[in-house]
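Reviewing the structure listed below.
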2 protein chains.
Amino acid sequence: MAETAREEVLKQSLIFSSLNDRELAELTRFTIERHFKPEEFIFWEGDTADYFYIIIEGRIKVIKYSSSGKGFIIAFFGVGEMFGEVAVFEDKSYPASAQTVVDTRILGIKKEHFLSFLGNHPPVALSIISVLGGRLRDAQSRLKDMVGERVEQRLARTMLMLASKMGPTLPFTRQELADMSGTTTESAIRVTSRLKERGIIKTVRGKITILDETKLTLLSEGPPLI
Amino acid sequence: MAETAREEVLKQSLIFSSLNDRELAELTRFTIERHFKPEEFIFWEGDTADYFYIIIEGRIKVIKYSSSGKGFIIAFFGVGEMFGEVAVFEDKSYPASAQTVVDTRILGIKKEHFLSFLGNHPPVALSIISVLGGRLRDAQSRLKDMVGERVEQRLARTMLMLASKMGPTLPFTRQELADMSGTTTESAIRVTSRLKERGIIKTVRGKITILDETKLTLLSEGPPLI
DNA sequence: AAGTGACTATGATTTGTATCATATCCGGAA
DNA sequence: TTCCGGATATGATACAAATCATAGTCACTT
């Protein structure tokens with residue numbers, strides 16, 4: 001990809017929106033581009049963290065595995081979003097694994113380059129703080145949900161959270177939905193089947209569409225509608 | 001508290017360690033001091049977030065409540081640590097409630113003051129990024145634990161996490177331990193009783209001391225030792 | 001057109017843990 | 001001292017959800 005095209009991508013990205021063309025060009029010189037096929041791993045939990053990444057095209061999921069080997073999807077990220085940044089700012093190895101969902105192209109920036117760049121560009125640092133703050137808020141909210149709510153509510157909340165980010169049609173399998181909600185595929189299927197019967201959602205293979213957000217929200221908050 | 005004393009407190013705090021005396025004095029002028037008795041609430045989830053805080057003396061817990069009213073302790077913070085910052089950086093209301101554990105004094109800094117100060121002091125922004133990154137890492141790790149592990153493992157991990165932060169003696173009741181692990185008081189008591197029998201921990205009213213960290217770690221990772 | 005594998009579906013059974021119920025222990029207050 | 005409330009303890013029961021098992025469905029390959 002040409003330098004100017006890379007600059008364009010960075011410019012679109014929320015965290016770099018404050019930069020002018022000269023600064024973008026400066027940053028672009030530090031980037032390397034990488035391409036991955038679907039289901040490929042970009043890095044594994046525990047790998048040395050030299051780079052942090054921004055998605056140019058495609059979609060990735062961030063996963064942690066529990067002692068039994070069961071994976072839990074911490075987050076999905078799409079075009080313009082950064083990932084792998086926590087390790088970089090903390091000088092530790094990656095705390096989770098990153099796997100592509102579809103064909104994906106990413107820009108990587110070396111840790112040292114980025115840290116020094118950050119030091120000279122306070123607005124970018126503030127953007128990063130804002131992004132991290134938002135993610136922290138999400139993580140803590142989900143933490144409460146995962147331990148305090150029952151499976152039906154957890155699934156409803158996961159769907160609503162995803163919908164607020166990417167619209168009413170969610171491109172996920174029940175398997176993925178389950179892995180994001182801390183439950184099993186079977187339970188996810190049972191719950192979504194019931195929701196489908198009640199006309200709250202619509203499903204096709206690998207996709208879920210929320211039809212009645214109000215009812216779903218109600219369900220996510222209280223005891224099941226009888 | 002006198003201005004110089006406040007400055008001293010800020011200087012001790014990790015996030016402001018990069019500031020010189022003049023900058024500290026500047027920051028100190030923005031602070032207000034507040035005092036709370038044990039179990040008092042500093043703010044509630046949903047309150048408008050005007051201030052973020054740094055603890056001068058005492059200890060606080062950050063709590064979120066699920067729809068059923070059950071509280072989940074997201075974090076404990078002690079002297080020199082900041083809290084309530086996520087809301088400030090995101091221009092939203094507080095995402096959780098903060099309650100003191102013991103007599104506690106805190107310094108508050110108004111949102112706008114702090115944001116403009118940050119813009120002019122990049123090293124402080126980098127510190128904050130680092131702190132937020134660490135907290136995000138913790139939250140995501142706990143997220144995985146809470147959904148992927150059984151109660152015994154969750155409790156073991158919570159204890160180990162706390163021990164790594166504050167030493168082998170943990171000043172918490174089983175109730176609090178349960179609320180940090182997403183389980184009930186009864187279950188926490190049952191598990192800790194078993195651990196006590198096996199000599200892995202020692203307990204006195206309101207306190208738990210880890211005697212055999214190795215065994216506890218083993219337990220936290222795998223199936224129960226038969 | 002047939003084969004393959006991932007996804008969806010559903011029933012039967014098991015199990016971990018919450019819930020409910022009581023009881024004892026301990027420290028501080030009166 | 002006695003009283004009292006929070007903390008600890010323990011048994012009985014209920015239940016949500018995991019697990020195990022089996023099968024149907026759809027998309028894509030050869």
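- No donor-acceptor contact under 3.5 Å links the side chain of A/Arg174 to the base of C/dC7.
- At whole-Å resolution of the value, CD in B/Glu176 and P in D/dG6 are 14 Å apart.
- Rounded to an integer number of Å, the gap from B/Met146 CE to D/dA17 P is 18 Å.
- Heavy atoms of A/Thr203 sit nowhere under 4.0 angstrom from any nucleic acid atom.
- The distance from atom CD1 of B/Ile189 to atom P of C/dT24 is 16 Å, rounded to the nearest whole Å.
- As judged by a 4.0 angstrom heavy-atom cut-off over every strand, B/Ser193 is placed among residues touching the sugar-phosphate backbone only.
- Side-chain proximity of A/Val151 to the nucleotides D/dT8, D/dA18, C/dT17 is greatest for D/dA18.
- B/Lys202 has its NZ atom 15 Å from the P atom of D/dT8, to the nearest Å.
- Across the interface with DNA chain D, nearest-nucleotide mapping of A/Gly182 and B/Thr192 shows B/Thr192 to be the residue nearer the 5′ end.
- Between B/Thr183 and the phosphate of C/dA18, there is a side-chain N or O to OP1/OP2 separation shorter than 4.0 Å.
- In this entry the distance linking CD of A/Glu39 with C1' of D/dC28 reads 15 Å, nearest Å.
- A/Ile208 has its CD1 atom 14 Å from the C1' atom of C/dA9, to the nearest Å.
- In this structure, A/Gln175 places its CD atom 14 Å from P of C/dA9, rounding to the nearest Å.
- Taking the six-membered ring for Trp and thresholds of 30 and 60 degrees, A/Phe77 and A/Phe83 have nearly parallel ring planes, at less than 30 degrees apart.
- When heavy atoms are screened at a 4.0 angstrom cut-off, A/Lys196 is found touching the sugar-phosphate backbone but no base atom.
- Judged by distance alone with a 3.5 Å cut-off, no donor-acceptor contact links the side chain of B/Arg190 to the base of C/dG16.
- Ring-centre distance between A/Phe172 and A/Phe76: below the 6.0 Å cut-off.
- Phosphate contact (OP1/OP2 of C/dT17, side-chain N/O of B/Ser187, threshold under 4.0 Å): absent.
- For the residue pair B/Thr192/B/Arg174, the side-chain donor-acceptor check at 3.5 Å is satisfied.
- Looking at heavy-atom distances under 4.0 Å, A/Lys70 makes no contact with the nucleic acid at all.
- No donor-acceptor contact under 3.5 Å links the side chain of B/Arg205 to the base of C/dG27.
- If you take CD of B/Glu149 and P of D/dA17, they are 19 Å apart, rounded to a whole angstrom.
- Under 3.5 Å, the side chains of A/Ser181 and A/Arg154 contain no donor-acceptor pair of N or O atoms.
- Although no hydrogens or angles enter the test, the distance criterion places no donor-acceptor pair under 3.5 Å between the side chain of B/Arg105 and the main chain of B/Ile56.
- Nearer to the 5' terminus of DNA chain C, by closest-nucleotide assignment, is the contact made by A/Phe172 (compared with the other of A/Phe172 and B/Arg154).
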